[in-house]
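Below is one structure, written out as C-alpha cells, with a few remarks after it.
Labels below follow one simple rule: chain letters A, B, ... track the order of the sequence lines, proteins then strands, and each chain is numbered from 1.
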Amino acid sequence: MPEHDSRLAVEIAGIRFNNPVMGASGTFGYGLEFAGLIDLNRLGGFATKGLSARPLAGNPPPRIVETHGGMLNAIGLQNVGARAFVEEKLPLLAAYDTRVIANVFGYSDDDYLEAIRMLNDGEGISAYELNISCPNVKEGGIVIGNSPTAAARLTEKAKRIAARPLIVKLSPNVTDITQLARAIADAGADALSLINTLVGMAIDVNARRPRLNFGTGGLSGPAIRPIAVRMVYEVARTVSIPLIGIGGIATASDALEFMLAGATAVQIGTANYYDPCVTMKVIDGLADYCDRHNLESLAAIVGRVGEK
Amino acid sequence: MPEHDSRLAVEIAGIRFNNPVMGASGTFGYGLEFAGLIDLNRLGGFATKGLSARPLAGNPPPRIVETHGGMLNAIGLQNVGARAFVEEKLPLLAAYDTRVIANVFGYSDDDYLEAIRMLNDGEGISAYELNISCPNVKEGGIVIGNSPTAAARLTEKAKRIAARPLIVKLSPNVTDITQLARAIADAGADALSLINTLVGMAIDVNARRPRLNFGTGGLSGPAIRPIAVRMVYEVARTVSIPLIGIGGIATASDALEFMLAGATAVQIGTANYYDPCVTMKVIDGLADYCDRHNLESLAAIVGRVGEK
Amino acid sequence: MIDTIATVETNRELTPGYRLLTLSFDREIKARAGQFAMLKAHAAFEPLLRRALAVYRVHSPRRLSFLYQVLGRGTQALAELTGGGQVDALVPLGNEWPVEDKAIVVAGGIGSASVLMLSEALRAAHVETQIFFGAASHRVAVGCGLEDFRALGLPLTLTTDDGSLGERGFVTAPLERFLAAGGGVGATVYACGPWVMMRRVAEIARALNVRCLVSLEAPMGCGFGVCVGCVVAVETAAPLGYESYKRVCVDGSIFPAERIRWEVNAMAH
Amino acid sequence: MIDTIATVETNRELTPGYRLLTLSFDREIKARAGQFAMLKAHAAFEPLLRRALAVYRVHSPRRLSFLYQVLGRGTQALAELTGGGQVDALVPLGNEWPVEDKAIVVAGGIGSASVLMLSEALRAAHVETQIFFGAASHRVAVGCGLEDFRALGLPLTLTTDDGSLGERGFVTAPLERFLAAGGGVGATVYACGPWVMMRRVAEIARALNVRCLVSLEAPMGCGFGVCVGCVVAVETAAPLGYESYKRVCVDGSIFPAERIRWEVNAMAH
Ligand SMILES: Cc1cc2nc3c(=O)[nH]c(=O)nc-3n(C[C@H](O)[C@H](O)[C@H](O)COP(=O)(O)OP(=O)(O)OC[C@H]3O[C@@H](n4cnc5c(N)ncnc54)[C@H](O)[C@@H]3O)c2cc1C
Ligand SMILES: Cc1cc2nc3c(=O)[nH]c(=O)nc-3n(C[C@H](O)[C@H](O)[C@H](O)COP(=O)(O)OP(=O)(O)OC[C@H]3O[C@@H](n4cnc5c(N)ncnc54)[C@H](O)[C@@H]3O)c2cc1C
Ligand SMILES: Cc1cc2nc3c(=O)[nH]c(=O)nc-3n(C[C@H](O)[C@H](O)[C@H](O)COP(=O)(O)O)c2cc1C
Ligand SMILES: Cc1cc2nc3c(=O)[nH]c(=O)nc-3n(C[C@H](O)[C@H](O)[C@H](O)COP(=O)(O)O)c2cc1C
Ligand code: FES
Ligand code: FES
C-alpha cells in the first residue's frame with residue numbers, strides 16, 4: 001500500500017478520499033482495466049461505467065469521433081448491468097484501497113430505483129452517482145437532467161431508497177445550471193458532480209452523413225474545460241453541498257482550476273484514453289502545488305478564486 | 001473586380017451573396033482592417049463589430065486568453081458607436097463589392113432600436129444582425145437571448161423599424177435552442193445566425209484569479225464547432241427561414257459541415273486571427289468541393305446530411 | 001502492456017505518403033505478429049488521441065518498426081518526427097495471428113503492416129504459404145512494404161488497382177481463382193486491408209469453405225478496452241444482448257471472419 | 001504587413017530556455033527597430049494563435065532573426081522546429097522606436113529582443129547611448145543576447161538578480177543612480193522588459209523629468225488590430241470614453257510612458 005500524502009485528503013458527504021483525483025464514469029470502465037497501468041491504491045476513487053438495471057448492448061459503430069481538443073461519443077451506455085457488476089466486478093475491486101462510486105442511469109425513474117436497489121446489495125460501494133443526462137422515455141423524450149422539476153423528483157425518490165450518499169451528475173446542456181443545481185440540492189442530494197458531456201455533432205462532408213452512427217454525441221475533453229470551470233464556479237456560489245468538478249482535466253493545473261472555482265474533488269475522463277497514467281501524474285502535481293504554495297491542506301483552496 | 005464562381009452564390013432574405021463565406025461580428029472589425037490582407041471584393045460579406053447607440057470603451061485588460069482549441073474573450077463590446085460607423089466607416093466600405101451586415105446590440109430594447117434607427121440612415125448596409133447575447137439591464141440582468149419571450153419581443157420591435165432584412169443571432173447557452181429559434185422566427189426574423197460564444201472561464205492557479213479581468217468570457221474557436229453544428233442541425237429542422245452557421249470554422253470542410261447541417265451561409269470568426277487569409281482559402285476550398293462533387297450550385301447541399 | 005515514451009531512431013519516407021518509423025524503447029516489449037501499439041507524437045498538443053499502428057517489425061526487444069500511411073492529423077504529427085523525437089507509446093496491444101498448418105495471407109494496402117511478421121513466422125515454421133498482395137498502384141505497393149514481402153521469398157501474387165505493377169484489379173480476384181481451384185483446402189486465410197476488401201475475402205472464403213481470420217480496423221479512443229468506442233457487431237445467440245458488440249482493441253483486432261456482422265458495421269466504413 | 005509562410009534556417013538554443021530563430025522569407029520584409037511579427041509553427045495544430053516576437057535582427061530583407069524565451073505551448077511548438085521547417089508569419093507589425101539625440105536603453109530579461117536593432121541604429125547615428133541590461137542570472141543574460149549587445153561596443157551596465165554577473169539586483173537601481181546624477185538630461189529612455197520593470201522605469205523617469213518610451217507586452221489575439229484583445233488603458237480627456245484603451249499591436253507596442261495608466265493594467269500582469 002502506498003503512503004498517502006495527507007495534505008491531499010478530502011471529504012465529501014462523510015466519505016474520506018485519500019486525494020481529490022478520481023476516474024470519471026464511462027472512461028474508467030470498472031476500474032480493473034487500469035490495474036496493469038496505474039496503482040489503483042493511489043487513486044482517490046473512480047466512478048464506474050453507467051450501470052442500469054438490465055445489461056445494455058449499446059449503439060452500433062461508429063461510436064466515437066475525435067474533434068479539435070476533444071471527442072464525441074455515442075456509446076449508448078453499453079454496460080454489464082447493476083446485478084452483474086455487484087456479483088462479478090465488485091468482489092475483484094475489494095483488493096484495492098480506493099473509493100468506488102457506482103454511476104447509475106435509466107430511462108425512467110423506476111429504472112433508476114431498480115438499479116439502486118440492486119446496488120444496495122453490493123459490498124464496497126462508497127456512493128452513488130446519478131447520471132441524469134439520459135432522455136426520459138416516459139416524459140416524451142425530455143432529458144431528466146435538463147428539467148429542474150424532473151431532476152428534483154428523481155433525486156428525492158433515489159435519496160429515499162439509497163443505502164449510500166447520493167451524488168447527482170449535472171448536464172451542462174441547460175440555460176441556467178444554478179437553477180438545476182439548487183433544485184437537486186434542495187431535493188436532498190449529498191453532492192453534485194459536473195459536467196457531463198455537451199451535445200455535439202460532426203459530419204463527414206464527402207459521405208454527407210454524421211460521423212457517428214447515432215447522429216449526435218457527447219463532447220468531452222480539454223475543449224470543454226472553460227465551460228465546465230465556469231459552471232462549477234457558478235454552482236459553487238449557489239449551493240452549499242460539495243461539488244466534484246469534471247470536464248477536460250488533463251493536468252494538475254487543470255484540476256486546480258476546478259478546485260479554485262469551488263470543487264472539492266475532480267474526475268478525469270477523456271484524458272485517461274490518451275494518457276492512461278494521467279491520474280497518477282495529476283496526484284503528483286497536486287502534491288507539488290502544496291509544496292510550492294506551502295499548503296498543509298489542499299482543501300483550503302477550494303472555492304478560493306479571487307476577483308481579478 | 002474578381003470573377004465570381006457562380007456555383008457559390010447564395011441568397012438570404014432576398015440578398016444575394018457572391019459566396020456563402022462571411023467574416024463574423026467582432027472578429028472582422030469594420031472590414032477595412034483586412035483590406036491589406038485579403039481581397040474584400042472576393043468575400044461573400046461580413047458582419048461588423050457589434051454597434052451600439054453610443055460608443056463604448058470596453059473592459060479593462062486582460063480581455064482574451066487562449067484555451068485548448070479556442071479562446072475566451074471579454075472585450076466588453078468596445079465600438080465606435082452606430083453614428084460614427086455610418087459617418088466614418090461606411091463611406092470607406094463603399095469602395096468594395098461585398099455585403100455589409102451591421103451587427104447591433106444594446107442593454108435594453110430601446111438601446112437596440114436607437115442603434116437601428118441610426119443605421120437606417122446609412123448607405124451600403126445589406127442587413128442587420130441582432131446580437132441578443134447581452135444581459136438586459138432592465139430585466140434584472142437576464143440575457144435577452146436566453147429567453148424566448150424576451151427575444152421574440154425584441155425581434156418584433158426591431159422588425160417593425162428596420163429598413164433592412166433582420167437576422168437574429170442566437171445564443172448557444174440555452175437548454176433548447178429550437179424553442180428560441182422558433183419564437184424568433186415566429187416574431188418575424190428574416191434569418192437566424194448561430195452560434196454566438198459559449199460562456200466559459202479560465203483560472204490562473206498560481207495567482208488564484210480568473211485569467212480575464214471580467215471573470216468569465218465567451219468561448220470561440222474549433223473547440224466549439226461540434227456544438228455549433230449540432231445546433232444548426234436542430235434549428236434547421238425546426239424553422240424554415242435561412243440560417244447562417246457560425247462556430248469554429250477554419251477550413252472549407254468545416255464550412256461544409258454547417259451547410260450540410262442546414263446553413264445557407266457561414267461566418268468565420270476566431271480563425272481570422274490566426275489565419276488572416278482564411279476566408280479566401282475557404283472560398284477556394286468550396287469551389288474545389290463543387291468540382292469534386294460535380295455540383296452546379298453549392299446551395300443544393302444545404303441541409304442534405306443523410307442519416308448515417 | 002506498457003505505457004512509455006519511446007525515442008525515434010528513424011522516420012523514413014518510403015514513397016510519398018508512406019513512412020517507416022523505427023522506435024527504441026527503454027524496456028523490453030514482447031510484441032507478437034498481429035499486435036499493435038497506440039502512438040502519438042509526445043510534443044504535439046493536437047490531436048489528443050493516440051493512433052493505432054500494427055507492429056511491423058521487431059528488430060530486437062527494444063527496437064520496433066511501424067509502417068504507416070500519412071492520412072489525417074495524427075499520422076501527420078507522426079510524420080513530422082525526426083531522429084531523437086519522443087513518442088507516447090502503449091504497446092503491445094490486441095491478440096495475435098495464430099500460426100496454422102497451411103496459410104494464405106491477403107494484404108490490402110497498408111493492411112500489409114499487420115501481416116509481415118505473420119509471414120515471417122509462417123516461413124520460420126515452414127508452413128506452406130501463399131501471399132496475395134494488393135495495392136492501388138506501383139508507388140503505393142512500395143509504400144506498403146512490397147520489397148520486405150518479396151525478400152521473404154514466399155510465393156506472392158501482386159495486384160494493383162491501376163495495373164501499374166502485377167495484375168490489374170483487386171487482390172480478391174486472384175484470391176478467388178486460387179481458392180476456387182482448390183488452393184484453400186486445409187488452409188487458413190489471414191486478411192488485413194480495407195473494410196470492403198476484408199468483407200469480400202470473408203465472402204469468398206465462406207463460399208468456398210475456407211477458414212478465414214481478419215484483422216479489423218476501427219476508430220480507437222484508448223486501445224486498451226476501456227472506452228468501448230472501437231466495437232464491431234458480432235453474431236450472438238441473443239441478438240440484442242450485451243454480447244452484441246466486441247471491442248476491436250482487446251477482443252481483436254483479429255477475429256474469425258464468420259463472427260463479424262459485416263452489414264451492421266458497414267455503416268462505419 | 002505580409003502574411004506568409006517562412007522557412008526555418010536555424011533554431012539554436014543559446015542557453016536552456018532561450019533560442020534564436022532565423023527565418024528566410026520569399027519576399028522582402030521592411031522591418032524597423034521595435035517592430036514585431038506574429039509567428040506560429042505551420043504544422044502545429046495547437047495552440048491556435050500566433051505568438052508575438054520582436055524582430056531581433058534583420059540580416060537581409062529576406063532573412064530575419066527572433067530571440068525568444070520558451071514558456072508555454074506556443075513557444076514550445078516553435079522550439080520544436082528544425083531547419084527547413086515552416087512558420088506562419090505576419091510581419092512587420094507595430095510602430096518603431098524613434099532615434100533621438102541622446103539615448104538610455106533599458107533591457108530587462110527577454111525584453112532585450114526589442115532593443116538590439118534600436119541600439120544598432122543609435123550607434124549608426126552616433127547618438128550618445130547608455131545601455132542598462134538586466135537579467136535574472138548570468139545564464140539568462142546570455143540567453144537574452146548579452147554577447148550581441150556587448151559586441152556593439154556601447155557603454156553597458158549589467159545587473160543580475162542573483163549577482164552571478166555584474167551588479168546584484170534589479171536594473172532599475174543603476175538606472176536611477178545614473179539619472180539622479182544627471183545622466184538623463186536631454187535624453188530619451190527606451191525601455192522594454194517585464195511589466196513591473198517598465199512601470200518602475202516610468203516612475204523613475206517621470207520623477208527625474210526624463211522622457212521615457214516603453215514597448216509593452218500584452219496577450220495578442222491577432223496582432224493586426226482587429227480583435228481588440230491586446231489593449232492597454234491610457235490617460236484620456238474623457239475618462240470612460242471610447243478612447244480609454246489603446247491596442248498594443250497597432251497603436252504600439254511603443255508608447256510614451258506617461259500615457260499608460262499603470263495601475264489599471266497592473267491587473268493584467
Ligand atoms: C489495430 C489497428 C492497426 C492499424 N495498423 C496500421 C498500420 O500499421 N499502418 C497504418 O498506416 N494504419 C494502421 N491502422 C489505421 C490507422 O490507425 C489510421 O489510419 C489512423 O488512425 C488514422 O489517423 P489520422 O490521424 O491519420 O487520421 P484521422 O484524422 O483520424 O482520419 C484521416 C482520414 O481518414 C478518415 N478515417 C479515419 N478513420 C477512418 C476509418 N476508420 N474508416 C474510414 N475512414 C477513416 C477520416 O475521415 C479522415 O479523412 C491501424 C488501425 C487499427 C485499428
Ligand atoms: C510586441 C511583443 C513583442 C514580444 N517580443 C518577444 C520576443 O522578442 N521574445 C520573447 O521571448 N517574447 C516576446 N514577447 C512575449 C511573447 O509573445 C510571449 O512570451 C509568448 O506569447 C508566450 O507564449 P507561450 O505560448 O510561450 O506562452 P503561453 O502559453 O501563452 O503562456 C506561457 C506562460 O506565461 C504566462 N503568460 C502568458 N502571457 C502572459 C502575460 N502577458 N503576462 C504574464 N504571464 C503571461 C502564462 O500564464 C503561462 O504560464 C513579445 C510580446 C509582445 C506583445
Ligand atoms: C466515452 C465516454 C463515455 C461516457 N460514459 C458516461 C457514463 O456512462 N455515465 C456518465 O455519467 N458519464 C459518462 N461520460 C461522461 C464523463 O464521465 C465526463 O463527465 C465527461 O466526459 C467530461 O469529462 P472529460 O472531459 O474529462 O472527459 C462518458 C464520457 C465519455 C468520453
Ligand atoms: C473577440 C471576439 C469578439 C466578438 N464580438 C462579437 C460581437 O461584437 N457581436 C457578436 O454578435 N458576436 C461577437 N463575437 C462572436 C463571433 O461573431 C462568433 O459568433 C463566435 O466567435 C463563434 O465563431 P468562431 O468560433 O468562428 O469565432 C465575438 C467573438 C470574438 C472571439
Ligand atoms: S479503443 Fe477503447 S475500447 Fe477499444
Ligand atoms: S492583438 Fe488583436 S487587436 Fe491587438
Side-chain angles (χ1 to χ4, degrees), chain A residues 23 26-38 49 52 54-81 84 207 209-214 217 220-223 248 250 269-278 280, chain C residues 1-5 38-42 44-52 72-74 88-91 93 195 216-234 236 238-250 260-261 263-269:
Chain A
T27 69
F28 221 74
Y30 305 106
L32 303 162
E33 290 87 341
F34 283 83
L37 286 162
I38 63 171
K49 224 161 186 326
S52 48
R54 264 155 298 277
L56 274 179
N59 291 330
R63 290 178 170 186
I64 59 171
V65 60
E66 190 167 2
T67 63
H68 196 119
M71 60 182 276
L72 291 168
N73 88 77
I75 303 296
L77 295 157
Q78 174 173 346
N79 80 100
V80 294
R209 296 183 302 207
R211 287 198 182 269
L212 296 177
N213 186 296
F214 188 70
S220 63
T270 305
N272 290 295
Y273 298 159
Y274 58 89
D275 188 6
C277 303
V278 62
M280 301 294 111
Chain C
M1 173 173 54
I2 289 169
D3 180 30
T4 188
I5 300 177
M38 292 293 286
L39 302 180
K40 178 183 166 179
H42 179 72
F45 301 107
E46 268 285 318
L48 297 168
L49 300 177
R50 301 181 186 193
R51 296 299 191 256
R73 296 187 307 155
D88 293 334
L90 188 69
V91 60
L93 301 168
W195 183 264
L216 298 181
E217 225 187 87
M220 289 196 172
C222 67
F224 59 102
V226 81
C227 75
V228 210
C230 63
V231 297
V232 62
V234 294
T236 43
L240 280 169
Y242 175 65
E243 297 290 314
S244 307
Y245 298 102
K246 288 285 168 195
R247 293 163 299 181
V248 171
C249 66
V250 290
I260 307 303
R261 296 181 61 202
E263 70 295 352
V264 176
N265 304 294
M267 299 155 89
H269 296 271

Note to self: Donor-acceptor check, side chain of A:Q78 to backbone of C:V228, threshold 3.5 angstrom: yes or no?
What the structure shows: no

Got a donor-acceptor contact below 3.5 angstrom from the A:R63 side chain to the C:C230 backbone? no

If you define the side chain from C-beta out and look only at heavy atoms, does anything of [X] sit under 4.5 Å from [Y]?
X: A:Y274; Y: C:P47; result: no
X: A:P222; Y: C:L48; result: yes
X: A:P276; Y: C:L90; result: yes

Looking at every non-hydrogen atom in both residues, tell me the closest pair between [X] and [Y] and how far apart they are.
X: C:Y245; Y: A:A57; answer: CD1-O, 3.2 Å
X: C:V264; Y: A:P60; answer: CG1-CB, 4.3 Å
X: C:G221; Y: A:Y273; answer: O-CB, 3.3 Å

Of the listed C:M1, C:R73, C:K40, the one with the largest count of heavy-atom pairs under 4.5 Å with chain A is C:R73

Per-residue tally against chain A (heavy atom, under 4.5 Å) across C:C227, C:G225, C:G74 peaks at C:C227

Ranking A:T27, A:N79, A:N73, A:V65 by heavy-atom pairs under 4.5 Å to chain C gives rank one to A:N79

With chain C, the option among A:P55, A:G26, A:G69, A:G58 that has the most non-hydrogen atom pairs under 4.5 Å is A:G69

To the nearest 0.5 Å, atom CG of A:N272 lies from atom SG of C:C222 at 9.5 Å

Rounded to the nearest 0.5 angstrom, the CG-CG distance for A:D275 and C:D3 is 6.5 Å

Honestly, the part of C:I2 sitting under 4.5 Å from a heavy atom of chain A is neither

Side-chain donor-acceptor distances from residues 28-38 of chain A under 3.5 Å, at least two apart:
from: A:Y30; atom 1: OH; to: A:V80; atom 2: N; distance (Å): 3.1
from: A:E33; atom 1: OE1; to: A:Y30; atom 2: N; distance (Å): 3.0
from: A:E33; atom 1: OE1; to: A:G31; atom 2: N; distance (Å): 3.4

With sequence neighbours left out, the residues meeting side chain to side chain contact (heavy atoms under 4.5 Å, CB included) with C:V250 are C:R247

### Task
Could you give me the CA-CA distance, side-chain angles and deciding distance for C:M220 and A:E66, then say whether side chain to side chain contact (heavy atoms under 4.5 Å, CB included) is met?
CA-CA 9 Å; C:M220 289 196 172; A:E66 190 167 2; over 6 Å; no

